[in-house]
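The structure appears right after this line, and notes come after that.
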Amino acid sequence: GVLCARERGVIFDSANGKGNFGLEAAKKALAAGFLPDIISSDLTVDKFNMPPYAKNLLAVISKYLCLGLDLPTVIRCCTTAPAEIMGMAGQIGTLQPGALADIAIFQLKEKHYVQKDFRDDALLCDKLLVPQLTMIAGEIQYCQADFYL
């Protein structure tokens, strides 16, 4: 099964797409200690980021926080783990000197809302990461109006 596949080197993504992500399966996998190697989004040009279905990466990250993973684990699954898998460790997904300096700063807010899966099963959430500042190659690309205040 999946454990043998992981032993063979198969990489497991969070598979967040509205048509295939199931809360029941995710809860069982996490309870068994089977975490995704990579947490990614299902945001494509033909999709809209409309609640209650998580599409953007921050909503997916927040979903995993609400499912019980801790913030360092979730961040690793969408930064250093993908960088290692792509053979780009030390270049992206890190704050090490000499890295590309693609940086995002977030505020972890307490917010109550619902996320749903493809069966419309609901997850009551209480955490949401909200972007404050992003940089590409060390240059600010976005800054929340009150970030510096």
Side-chain angles (χ1 to χ4, degrees), residues 1-111 113-139 141-142:
V2 293
L3 296 178
C4 292
R6 179 166 268 172
E7 287 176 14
R8 289 194 320 270
V10 172
I11 305 300
F12 287 86
D13 183 83
S14 58
N16 186 72
K18 182 181 181 281
N20 59 1
F21 180 87
L23 284 167
E24 184 179 334
K27 287 177 182 178
K28 287 179 181 177
L30 294 175
F34 193 89
L35 281 63
D37 297 298
I38 298 173
I39 294 175
S40 65
S41 72
D42 189 36
L43 187 60
T44 59
V45 293
D46 66 332
K47 305 262 172 74
F48 295 97
N49 188 40
M50 298 298 293
Y53 308 102
K55 298 272 190 230
N56 69 54
L57 185 56
L58 294 180
V60 177
I61 290 171
S62 298
K63 180 188 319 186
Y64 275 90
L65 292 174
C66 294
L67 285 167
L69 292 185
D70 61 52
L71 186 60
T73 299
V74 174
I75 297 300
R76 180 186 52 76
C77 288
C78 56
T79 57
T80 55
E84 290 167 2
I85 290 166
M86 293 186 300
M88 297 183 74
Q91 298 172 51
I92 63 171
T94 181
L95 295 175
Q96 294 177 15
L100 294 178
D102 294 343
I103 298 168
I105 298 172
F106 306 100
Q107 180 179 17
L108 183 59
K109 290 189 173 186
E110 282 191 33
K111 180 167 179 66
Y113 60 101
V114 173
Q115 291 199 42
K116 291 188 176 183
D117 68 4
F118 75 101
R119 292 184 179 160
D120 277 340
D121 290 341
L123 175 66
L124 302 176
C125 298
D126 62 355
K127 298 173 185 70
L128 181 65
L129 285 169
V130 178
Q132 301 298 301
L133 183 129
T134 58
M135 300 175 86
I136 297 175
E139 297 290 325
Q141 303 297 310
Y142 169 80

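In this chain, numbering begins with 1 at the start of the sequence shown.
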Residue pair K127 / L71, side-chain heavy-atom distance below 4.5 Å: no
Atom pair OG1 (T73) and CG (L35), whose distance is rounded to the nearest 0.5 Å: 6.5 Å
Atom of P131, atom of Y142 and distance for their closest heavy-atom approach: O-CE2, 4.0 Å
T79 (side chain) donor-acceptor with I75 (main chain) under 3.5 angstrom: yes
Side chain to side chain, K111 and V130, heavy atoms closer than 4.5 Å: no
R6 vs D37 side-chain heavy atoms within contact, under 4.5 Å: yes
Side chain to side chain, K27 and L30, heavy atoms closer than 4.5 Å: no
T134 OG1 to Q141 CD distance, which is reported to the nearest 0.5 Å: 6.5 Å
Distance-minimising heavy-atom pair for F12 and A5: CZ-CB, 4.0 Å
Under 3.5 Å donor-acceptor, T80 side chain and G93 backbone: no
Atom pair CD1 (I39) and CZ (R76), whose distance is rounded to the nearest 0.5 Å: 8.5 Å
Any side-chain heavy-atom pair of L23 and L67 under 4.5 Å: yes
Exercise: identify the closest heavy-atom pair between A15 and F21: O-CB, 3.3 Å
Y113 and its side-chain contact (heavy atoms from CB on, under 4.5 Å) partner, picked from L128, L123, L124: L128
Non-hydrogen atoms of T94 and A99 that approach each other most closely: CG2-CB, 3.7 Å
From CG (L57) to SG (C78), nearest 0.5 Å: 5.0 Å
Interatomic spacing from CD1 in I92 to CE in M86 - rounded to 0.5 Å: 3.5 Å
Shortest non-hydrogen separation from G22 to F118 and the atoms involved: CA-CE2, 3.7 Å
A59 backbone acceptor or donor facing Q115 side chain under 3.5 Å: yes
CD on Q91 to CD on Q96, rounded to 0.5 Å: 10.5 Å
Minimum heavy-atom distance between C77 and P36, given as atom pair plus value: SG-O, 3.4 Å
Which residues share a side-chain hydrogen bond (donor to acceptor under 3.5 Å, both in side chains) with E139, sequence neighbours left out: none
